[in-house]
Structure formats: structure tokens, C-alpha cells
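Since this is a predicted model, take the numbers as computed values, not measurements. Here is how names work: the chains are called A, B, and so on, in the same order as the sequence lines, proteins then strands, and each is numbered from 1.
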There are 2 protein chains.
Amino acid sequence: MKKSSTQSVQDYLKRIYELTENGSPASTNDLARELNIKPASVTGMIQKLAAEKPALLEYQKHQGVTLTPTGKRAALEVIRHHRLLETWLVQTLGYAWDEVHEEAERLEHVISEDFERRIAAALGHPLRDPHGELIPTADLKMPADKSTSLSALRKKQAGRILCVKSADADLLRHLNEIGLTPNTMIEVIDYSPFDHNLTIKVEKKTYVLGLSITSKIFLEIA
Amino acid sequence: MKKSSTQSVQDYLKRIYELTENGSPASTNDLARELNIKPASVTGMIQKLAAEKPALLEYQKHQGVTLTPTGKRAALEVIRHHRLLETWLVQTLGYAWDEVHEEAERLEHVISEDFERRIAAALGHPLRDPHGELIPTADLKMPADKSTSLSALRKKQAGRILCVKSADADLLRHLNEIGLTPNTMIEVIDYSPFDHNLTIKVEKKTYVLGLSITSKIFLEIA
DNA sequence: TTCTGAATTTAGGCTTGACTAATTATATTT
DNA sequence: AAATATAATTAGTCAAGCCTAAATTCAGAA
């Protein structure tokens with residue numbers, strides 16, 4: 001029996017999933033920042049979720065939290081909803097990739113399993129969303145990610161953009177304008193070890209990108 | 001500045017709109033029944049909404065409630081969302097008309113104005129939803145309803161179905177099976193004054209329908 | 001007109017999930 | 001190793017919205 005969690009709980013689980021993707025527990029402060037909720041409130045909620053009958057979180061005071069298998073499944077369900085919705089807003093309603101986040105953020109909590117199945121089928125069970133983020137499968141597994149951060153590439157290396165990890169609409173619009181969207185080929189022309197700027201070539205044009213951008217772009221190396 | 005109301009408030013306004021369509025105020029009890037909320041709680045909410053800065057409700061103790069112009073606009077907004085969503089679930093995701101209500105009931109509270117505009121445009125600014133219910137216009141006016149209840153027709157009268165007012169999935173499925181859906185032509189063959197049963201002809205076949213059905217079907221008289 | 005039952009309202013309580021302020025742990029310096 | 005800064009937790013509040021139980025008001029019947 002799957003008890004449906006509240007919108008708040010779903011948000012917590014989703015953020016914790018994201019913050020623990022690197023393998024380490026999520027801190028109260030980081031979670032609070034991501035959720036726009038005060039740390040004290042976050043402590044309260046994680047203690048509640050860790051204490052539930054089938055616990056959703058693993059939690060030791062002052063040590064941060066991780067998801068239990070149950071919590072992870074719930075998180076992947078929400079993330080699947082989110083990414084399917086973003087894909088679908090772009091493909092069927094003509095949204096731009098910088099316009100979908102907010103809308104999906106609200107819709108993800110209210111769609112039925114039936115709705116999820118219908119849009120997944122209508123979209124042909126997509127692997128990635130409009131930003132290139134991997135979409136958890138219907139059985140709630142996250143596909144393996146084989147991408148490399150553009151920030152790790154050096155002179156002469158090249159690749160194809162797989163994913164742009166950002167919800168910043170202004171940045172996304174800018175990247176779209178200069179053609180840095182999934183599936184585009186990129187070549188690194190130069191690297192500056194001092195500021196970590198990368199000079200890259202895209203479609204005959206070159207751009208110098210700072211780390212705050214290159215760290216958000218992920219590629220399949222050519 | 002339009003302050004967005006909570007989902008609860010939106011539900012209250014929507015139900016009050018429906019209950020006051022006949023011109024008389026909505027009673028606490030009727031509202032409680034429609035909302036599946038205890039009458040005492042309804043009283044509390046009604047008093048709160050009637051006391052807000054721009055009041056949403058007109059309320060006198062023991063006299064029931066009506067919507068103020070502000071409340072009516074908010075109600076029509078929700079109803080527009082609901083009906084556009086139902087239309088859109090049917091037209092683009094292949095839902096059947098008996099499957100859309102629950103889904104729309106949840107989605108109606110979270111879609112943006114942008115989303116509303118996009119689906120309205122994609123659907124060609126429809127006048128009616130899949131049940132034939134009129135969809136409030138973008139400037140929040142309810143189009144005039146010129147339909148007549150099937151229950152008011154008598155022997156020899158005929159018409160075209162405009163609307164089926166029911167959220168009962170079983171009934172909707174049954175009506176669909178016997179072909180009683182919007183746009184279908186109906187002719188009254190017989191009327192029984194004792195039980196108010198009507199014998200009608202649809203596509204060469206005849207059916208005897210009770211008042212609980214005929215009162216929910218609305219037509220344009222031929 | 002008075003009575004009775006249904007409808008409505010009041011009173012008081014509970015849960016969820018947020019907040020602030022104050023306290024306690026942990027980490028970082030010196 | 002002590003002092004301090006940062007992170008996390010506790011304690012106590014609050015607003016929404018629901019609930020039950022106990023009044024109260026109204027409307028129709030006697």
C-alpha cells in the first residue's frame with residue numbers, strides 16, 4: 001500500500017535526492033536553502049519523516065540525512081513526474097525550456113499515475129527531459145549517467161551536450177541563444193587555469209565560459 | 001493585484017457558484033455535502049471568506065451565502081480551469097469523458113494563467129467541455145445557457161443534446177454506451193406522468209429513462 | 001402560539017508545517 | 001587545548017482548516 005505524501009514531503013524528498021546524488025548526506029542547512037525554509041523547520045520535518053512507520057529518511061542528529069529505499073522510490077516518482085511534465089510542456093504546448101520549471105514544480109504533485117502513464121506513452125517513453133536530465137523509468141530506477149562535466153574538459157577535447165543542469169531561466173535563455181542546448185557538438189579551444197575559463201567552439205563561433213556555466217553543462221565525450 | 005486563494009478556498013467558491021446558479025443563496029448544509037466537509041467547518045470558512053478585505057462572499061447568519069463579484073470572478077476562474085482541463089484531457093490524452101473529473105479537480109488549482117492560455121489556444125477556445133458544460137470565457141463571463149432539461153420535454157418533442165450534468169462516472173459510461181452524448185439527436189416517444197419516466201428514441205433505438213437521468217440531460221429543442 | 005426537529009452556529013481541540021529565539025553541538029582557529 | 005564561529009536542534013508560537021460536542025435559531029406542525 002502506497003500512502004501518498006503531501007506536497008511538502010514530496011518537496012523534501014526530491015531535494016534530498018538531489019543533494020545526496022554525490023553520495024554524501026544532505027545537511028540541514030543545504031536543504032533549508034534549497035527549500036526556502038528555515039533550518040529549524042527542516043530539522044522538525046526530517047525528524048518526523050525519519051520516524052515514520054516505514055521511514056523515508058535515515059537520520060542521525062547533526063549528521064545530515066539520506067533517503068531510505070522507500071524514500072528514494074518516492075523521490076524518484078516525483079522526479080519522474082517533474083521531468084515527464086517538462087518534456088511534455090515543451091513538446092505539446094510549445095513552452096521554451098526556460099519556462100517549464102515553475103509549472104512542472106506545481107503539477108508534479110497532483111498528477112495521477114494514469115496521467116503519468118499517458119504522457120509517458122504519448123511522448124514515446126523519453127529518456128531525457130528538455131534540459132537533458134535523465135527521467136527515472138516507470139519502475140523507478142534512475143538510468144546510469146555517463147556524462148562528463150564540461151568544466152572537466154581541456155584544450156582539444158570535444159563532445160556532444162547531453163544535459164544542462166540549471167533551473168535559472170535567464171541562464172537557460174542565454175544558453176539557448178548561443179546554441180548551447182542538448183545534442184549540440186562542442187569543442188574546447190582553450191583553458192585558462194587561473195579562472196577556469198574555457199574557450200569553446202560551437203557551430204563556427206567561439207565563446208569564453210566561466211566555471212559557473214561550464215560546471216552546469218554535461219557532455220558525452222567525442 | 002489578484003491574491004491567489006488556497007485550494008480549499010477555491011473549492012468553496014466553485015461549489016458556491018454551482019449552488020447559487022439557480023439564484024438562491026447556498027445553504028451551509030448543501031455546501032457541506034458538496035464539499036464533504038462538516039457543516040460546522042463550513043460555517044467557519046464562510047465567515048472567514050465573508051470577512052476578508054475584499055469580501056468573497058455575502059453572508060448573513062442563518063441565511064446562506066452568495067458570491068460577491070470578486071468571489072464570482074475567482075469561482076469562474078477555477079471553473080474555466082476545470083473545464084478547459086477536462087476538454088484537453090479528452091482531446092489530447094485520450095481520456096474518456098467519465099475519467100476526467102478527478103484529474104481536473106486536482107489540476108485546476110495549480111495551473112498558471114500561461115498554461116490556461118496555451119491550452120485554450122491549442123483547443124481553439126472551446127465553448128463547451130466534454131460533458132457539454134459551458135466554459136467561462138477568458139474575461140471570466142459565463143456564456144448564456146439556452147438549454148432545456150430533457151425532463152421538461154413531452155411526447156413528440158425532440159432536440160439535440162447539449163450537455164450532461166453529472167460527475168458520476170458509472171452514469172456517464174452508461175450514457176456513452178447507449179449513445180446519449182452531446183450533439184446526439186433525441187426524440188421523446190412517451191411520457192409517464194406517474195413516475196416521470198420518458199421514453200426516448202436515439203438512433204433508431206428506444207430507452208425508458210427515469211427522472212434521475214432525464215433531469216441531468218440538457219438539450220437544444222429542435 | 002407554542003413546540004419540536006432540522007439547520008446552523010459556537011466553543012474548544014487537533015494536525016500540518018511553517019516561524020523566531022534560545023540553546024547545544026560540532027568545527028575551525030589560534 | 002581553549003576559544004570562537006558555524007551548524008543544528010530545541011522550545012514555544014502561529015495560521016489554516018478540519019473535527020466533535022454543545023448551544024442556538026428557525027420553520028413548520030399542533
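The CG atom of B:Asp11 sits 12 Å away from the C1' atom of D:dG17 (whole-angstrom rounding). Whole-Å rounding puts the B:Leu35 CG to C:dT8 P distance at 14 Å. The CG atom of A:Leu31 sits 13 Å away from the C1' atom of D:dA7 (whole-angstrom rounding). Distance CD1 (B:Ile46) to P (D:dG17): 14 Å, rounded to an integer number of Å. Put simply, NZ on B:Lys38 is 13 Å from C1' on D:dA21, counting in whole angstrom units. Across the protein-nucleic acid pair, B:Leu56 atom CG and D:dA16 atom P stand 13 Å apart, rounded to whole Å. When the C1' atom of D:dA7 is taken as reference, atom CZ of A:Arg33 falls 13 Å away, rounded to whole Å. Distance CD (A:Gln47) to P (D:dA8): 13 Å, rounded to an integer number of Å.
In the set D:dC26, C:dT20, D:dT9, the nucleotide with an atom closest to the side chain of B:His62 is D:dC26. Considering only side-chain atoms of B:Tyr12, the nucleotide from C:dA18, D:dC18, C:dT8 that sits closest is D:dC18. In the set D:dA16, D:dT10, C:dT9, D:dT10 carries the atom at the smallest distance from any side-chain atom of A:Lys61. The A:Val9 side chain lies nearest to C:dG17 when the options are C:dT8, D:dG17, C:dG17. Checking D:dT9, C:dA18, C:dT9 against every side-chain atom of B:Ala40, the shortest atom distance belongs to C:dT9. Across C:dT9, C:dT8, C:dT20, the shortest atom-to-atom separation from the side chain of B:Asn29 is found for C:dT8. Closest to the side chain of A:Ser41, out of C:dG17, C:dA18, D:dT9, is C:dA18. Closest to the side chain of B:Tyr59, out of C:dC19, C:dT9, D:dG17, is C:dT9. Listed nucleotides: D:dT25, C:dT20, C:dG17. Nearest to the side chain of A:Thr6: C:dG17. Ranking D:dG17, C:dT8, C:dC19 by closeness to the A:Ile37 side chain, first place goes to C:dC19.
At distances below 3.5 Å, not a single donor-acceptor pair connects side-chain atoms of A:Thr92 with backbone N or O atoms of A:Leu89. At least one donor-acceptor pair closer than 3.5 Å links the side chain of A:Arg118 to the backbone N or O of B:Gly94. A donor-acceptor pair is defined here as one N or O able to donate and one able to accept, closer than 3.5 Å; such a pair exists between the side chain of B:Gln10 and the backbone of B:Ser5.
Nucleotides of DNA chain C nearest to B:Gly44 and A:Val42 differ in position, and the one nearer the 5' end is that of B:Gly44. In terms of position on DNA chain C, the residue among B:Ser27 and A:Asn36 whose nearest nucleotide sits closer to the 5' end is B:Ser27.
Using a 4.0 Å cut-off between charged nitrogen and carboxylate oxygen, A:Lys14 and A:Glu34 do not count as a salt-bridge pair.
When all heavy atoms of B:Phe115 and A:Leu107 are compared, the pair lying nearest together is CE1-CD1, 4.3 Å.
The residue B:Ser8 sits close only to the backbone: its heavy atoms come under 4.0 Å of sugar-phosphate atoms, none of a base. A:Thr28 comes within contact range of the sugar-phosphate backbone alone, with a heavy-atom separation under 4.0 Å but no base atom that close.
Residue A:Gln7 places none of its side-chain N or O atoms closer than 4.0 Å to OP1 or OP2 of C:dT16. Look at A:Lys48 and you won't find any side-chain N or O under 4.0 angstrom from OP1 or OP2 of C:dT16. Between A:Gln63 and the phosphate of D:dA8, there is no side-chain N or O to OP1/OP2 separation shorter than 4.0 Å.
Annotation: the span from B:Leu211 atom CG to B:Asn197 atom CG amounts to 8.5 Å, rounded to 0.5 Å.
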